[in-house]
Amino acid sequence: MEKIWLKSYPPGVPAEISIDHVSSLVALFEEACQKYADKMAYVSMGREMTYRELDNLSRDFAGWLQAQGFKKGDRVAVMVPNFFAFPIALLGIARAGAVQVNVNPMYTPRELEHQLNDAGVQAVVIFSGVSATLAEIIGKTSVTTVLTVAPGDGSAAKLPSPPVDARLTQAKPFADALTEGAALPFVAPAIQGDDLLFLQYTGGTTGVSKGAALSHRNLVANVQQFKAFMPEALRPGQEVIVTAIPLYHIFALMVNFITYFSVGANSWLVPNPRDFDAFIDVMKASRCSVFMGVNTLYAGLVAHPRTKEVDFSNLRLAGGGGAAIIEAVSAKWLALTGTF
């Protein structure tokens, strides 16, 4: 078979990649945590988290999950905006060998019920501000464990958080699980490339949302593919990326989180990109080298008068996903920043 797609590859992009150097995404994560231990992994709402801190907190969560009886292959849903809790939960779930089910916090009760039952979810990590959605339907699911997240979880900050719905009487604060996990043992399970890591739900516009089964090997391969195409924007230990698109979506999950985490990037988390003033404040403070967005996000930025306050001199790559960035928006972004 003629590989006609190779004709579209830019010069220097290899026809094939190798993923034999790393056995699983857990191995990739742990390698990054050791190599970049003292570097800043995340900035969120004025708070910072190093790779070492994330390594320790995710280990604590993995230990807590094991102590509750969760084992390899069990499903844990994460229904959280771009807070510190998201990467902590993801790394903890992965290290415990469980399967993460990413959930849009804006889901309706009907949508949430379908996804939890379809995936066979047993535990949910959920932002307290959307806990009423879960309370509406939890009795119709197999969920036995509920962990509620506040915006400051994972840091020393006690940021204001909406109350947990009173109907979730057995819910436990995520912060308490981390504290308890720090005193618990953790035995890392054997994880292979073919083991499942994510059930990533998609296709809701064509009927009910369907779970795409993604293995560790799938994701390691995707990281290597991105690195093959964009080596100039993946300088180890140097990149700064603003993450305004949601981590529960595969675009931000794969590119902003997993790929840039693997090269020791500093990711600035934006929980609510609809708040453009706060979003632009992050853009100004971060002086990012990489930015990923969707068309509506770029359109909002180029239309906002305060975007001109941002120093884009460090920006090396601006990428789009979900759908093509329309030409008019792209032209305005290029005129504003000089990069796309």
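What's counted below: heavy atoms across the whole structure, side chains too, no hydrogens, waters or symmetry copies. Since the model is a prediction, treat every value here as computed from it, not as a measurement. Throughout, residue positions are numbered sequentially from 1 according to the sequence presented.
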Nearest heavy atoms of [X] and [Y], plus distance in Å:
X: A94; Y: V26; result: O-CG2, 3.3 Å
X: L199; Y: R75; result: CD1-NE, 3.6 Å
X: T259; Y: M254; result: OG1-O, 2.8 Å
X: Y298; Y: G319; result: OH-O, 2.7 Å
X: S286; Y: V242; result: OG-CG2, 3.3 Å
X: Q224; Y: I17; result: CB-CD1, 3.7 Å

Any side-chain donor near an acceptor of the partner, [X] and [Y], under 3.5 Å:
X: N256; Y: T243; result: yes
X: Y42; Y: E48; result: no
X: S313; Y: R287; result: yes
X: N222; Y: Q225; result: yes
X: Y201; Y: D118; result: yes
X: K227; Y: S262; result: yes

- Please walk me through it: do R52 and D55 pass salt bridge (Lys or Arg N to Asp or Glu O under 4.0 Å)? CA-CA 5 Å; R52 187 189 310 279; D55 187 15; over 6 Å; no
Whether the side chain of [X] engages the backbone of [Y] through a donor-acceptor N/O pair (distance < 3.5 Å, no angle test) should be reported.
X: S209; Y: T202; value: yes
X: S44; Y: R47; value: no
X: D275; Y: N272; value: no
X: R95; Y: F186; value: no
X: D165; Y: L134; value: no

- Message: F291 and side-chain contact (heavy atoms from CB on, under 4.5 Å): which single residue from T337, L301, L317 fits?
- Response: L301
- Member of N218, N102, I93, V101 meeting the side-chain contact (heavy atoms from CB on, under 4.5 Å) criterion with F198: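 That would be N102; it is the only one of N218, N102, I93, V101 passing the side-chain contact (heavy atoms from CB on, under 4.5 Å) with F198.
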- State, with a plain yes or no, whether a side-chain heavy atom of T148 is found less than 4.5 Å away from one of F174. no
- Task: Is it possible for you to say whether L269 and M106 belong to one hydrophobic cluster, with membership spreading through side-chain heavy-atom contacts below 4.5 Å?
- Result: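 No, separate clusters.
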Is the closest basic N to carboxylate O distance between [X] and [Y] below 4.0 Å?
X: E30; Y: K35; answer: no
X: E327; Y: K332; answer: no
X: E309; Y: R306; answer: yes

- Item | Check: W333 ring centre within less than 6.0 Å of F312 ring centre | yes
- Message: So that I know where these two stand, are F229 and Y9 an aromatic pair - ring centroids less than 6.0 Å apart?
- Response: yes
- Message: Could you go through K3 and E16, starting from their C-alpha distance and side-chain angles, then the distance that decides it, and tell me whether this counts as salt bridge (Lys or Arg N to Asp or Glu O under 4.0 Å)?
- Response: CA-CA 11 Å; K3 299 179 179 179; E16 297 181 357; 3.7 Å; yes
- How are the rings of F279 and F276 set relative to one another: parallel (under 30°), tilted (30 to 60°) or perpendicular (over 60°)? tilted
- Task: Decide yes or no on side chain to side chain donor-acceptor pair (under 3.5 Å) for E239 and S289, but give the supporting numbers first.
- Result: CA-CA 6 Å; E239 304 299 350; S289 59; 2.6 Å; yes
- Item | Under the ring pair (Phe, Tyr, Trp, His ring centres under 6.0 Å) test, residues paired with F261 that sit two or more places apart | F29, Y51, F257
